[in-house]
Structure formats: structure tokens, C-alpha cells
Amino acid sequence: MAVGIFDSGLGGLTVLNAAQKRLPDVDFLYYADSAHAPYGVRDAEDIYNLTRAAVQDLWARGCNLVILACNTASAAALRRMQEAGVPEGKRVLGVFVPLIEALTERQWGDNSPPREVEVQHVALFATPATVSSRAFQRELAFRAIGVDVEAQACGGVVDAIEEGDMILAEALVRSHVEALTRKMPEPQAAILGCTHYPLMADTFQQALGPDVKVYSQGDLVAESLADYLRRHPTMLGEGSGGHLTTGKPGVVTDRATQFLRRQITFEAA
């Protein structure tokens, strides 16, 4: 019984790692579309088509539930996929929900009108495609009012992490934080709106300062998934776990092992 986790590359491994720790009895089938990564610089139509194809593959492999552990895919493809119709007994969920639940301190099923929340100034760090979609701001507006969101497109960070160049990634993070704080000098909270960015969480925190609460997705998504599966146990599916990639399995295996600092082996999708 497996849950599918999809990402354009290695970033979703931060979600996979947290989900495996939170749900040790659940198998996960991880699918990395490494051949087309990164998604953050692609247009919305391209992201939608690539995401839909990958999710359909995971459904065909027996995963009733697929998590888009990719903010870019969640921003550009999730709503359109859901509106187009999902096969009976299948579900696809994104990663914005747990973040907004945590930020607004209200459950997703709470359909009461938007209300004021404690955090008023939020910094959003994300890929160019996620920033341009304004999907995070749109979903947040359904649940909270009076929240000022300043978004910073963090070009180059995903590429540096995927290539294993953490020195470059750290320099880029500091540069992007500096650019954002010129526009919003005193953010109260920061959203790491890409599943690659938790690897750089310490760098974000240091650059932002100790008074800024940094929200990272792995643990939040894992906890939300555990609650969802408790309420919808049939979503566990019938597939088996594993790690698939559209890229070169040997290369992706080496980078993923470095990424997670434990052995992880990929096979061709």
C-alpha cells in the first residue's frame, strides 16, 4: 500500500523523509521528473502537462493518493487538475495547505469567513513560477485578511542544490533574503515555498535574524498527511514503494544520497 510523492527533482525528498519518519508503516512511491527539472523556470502550460503525466503514472502504479511535493506544480497545476476531474477513488493534493493551516492557525475544513491573524507581514521565498502564479496569496486570502505578503523569486537556488553546490546555494539565499528585506524590512514570518529550501533553512534563518519565524514544509506536510490518512484510510492504495526518476538513475541516486545523507536508490520511471 503506497502513497505517491511527486517532485520535479530532489526537493520533494525533504517531504518524503519527514513522511517516512512520521508514518513508518506506510510505503511511499517517490517520482522525480529529473529529466525536466527544474520546473520553476517553465511556463504554466508546460508545468501542468508534465505534472499531469507524472500523476497519472503514479495513479496507474496503484497510488490512490498523490502528494505534489513541489510548490511550483502545486501552484501551476493542482487547481487545474482538480477542476478537470480526478478519477474515482483517486486524489491529488498540494503542499500549500499545511503551510497556510500553520500560518493562520485554522484547519482547512474551517469554511468560516477570512479573519485577522497574528502574523501580518510574511516573506515568501519561492521559484519564479510559484511567485508569478500568486497561488499562495490567493489561497491565503480565503482564510486571512490584512496579511501583507512580499514574494521573492529565488532564481538559481534549486539548480545549485540539484548540482550539489551548497556554497553557491548559500550565497544565493543570502542575496535573495537581502533583496526581500529591502522591500519588507521587518517580516514576522518567512515561508520557504519550495521543498528544496529546507536544506537551506539555517541559512535563511541566519540571514533573516532570530525574530523571524521560518516555516518549512517537510514536518508540516507529514503531519497533515497523517491526519488525512487517518480520516481517509482507503487512500493508502495498492501500489508498492520505491524511487523512480525520468532522469539517469545512477546520477539521480548519487545526488539523492548526498541530498539526504543516506543511501537511496532510484530506478527508471
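Heavy-atom basis, side chains included; hydrogens, waters and symmetry copies ignored. The model shown is predicted, which means the values in this text are computed figures rather than measured ones.
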Do side-chain atoms of Glu150 reach the backbone of Leu124 as a donor and acceptor pair under 3.5 angstrom?
-> no
Residues in salt bridge (Lys or Arg N to Asp or Glu O under 4.0 Å) with [X], at least two apart?
X      : result
Glu45  : Arg80
Glu105 : none
Arg42  : Asp46
Arg182 : Glu178

Evaluate whether atom CD of Glu118 has more than 12 neighbouring non-hydrogen atoms of other residues, nucleotides or ligands under 6.0 angstrom away.
-> no
Take atom CD of Glu267 as the centre, draw a 6.0 Å sphere, and report whether it contains more than 12 heavy atoms from other residues, nucleotides or ligands.
-> no
Return the orientation label for the Tyr30 and Phe266 ring planes: parallel under 30°, perpendicular over 60°, tilted otherwise.
-> perpendicular
So does Glu163 pair up with Arg255, basic N to acidic O under 4.0 Å?
-> yes
Listed by chain and number, what are the side-chain hydrogen bond (donor to acceptor under 3.5 Å, both in side chains) partners of [X], not counting sequence neighbours?
X      : result
Ser8   : none
Gln206 : Arg174
Ser34  : Thr245

Ignoring hydrogens and angles, write down the donor-acceptor pairs under 3.5 Å from the side chains of residues 231-244, residues two or more places apart or on other chains.
residue, atom, partner, partner atom, Å
Arg231, NE, Asp227, OD2, 3.0
Arg231, NH2, Asp227, OD2, 3.2
His243, ND1, Thr265, O, 3.3

Residues that Tyr197 engages under ring-ring contact (aromatic ring centres under 6.0 Å, His included), provided they are two or more places apart = Phe204
Kindly give the heavy-atom pair with the smallest separation between Ala144 and Pro114, and that separation in Å.
-> N-CB, 3.8 Å
Please tabulate, for the side chains in residues 50-62, all donor-acceptor contacts under 3.5 angstrom to protein atoms that are two or more places apart in sequence or on a different chain.
residue, atom, partner, partner atom, Å
Thr51, OG1, Ile47, O, 2.7
Asp57, OD1, Arg61, NE, 2.9

Compile the donor-acceptor pairs under 3.5 Å between side chains in residues 208-222 and protein atoms, sequence neighbours left out, one pair per line.
residue, atom, partner, partner atom, Å
Gln217, OE1, Asn71, ND2, 2.8
Gln217, NE2, Asn71, OD1, 2.8
Gln217, NE2, Val95, O, 3.4

Show me the side-chain donor-acceptor pairs of residues 20-29 shorter than 3.5 Å, one per line, residues at least two apart or across chains.
residue, atom, partner, partner atom, Å
Gln20, OE1, Arg262, NH2, 2.8
Arg22, NE, Glu223, OE1, 2.9
Arg22, NH2, Glu223, OE2, 3.3

Same cluster or not: are Phe96 and Leu140 linked, directly or through other Ile, Leu, Val, Met, Phe, Trp or Tyr residues, by side-chain heavy atoms under 4.5 angstrom apart?
-> yes
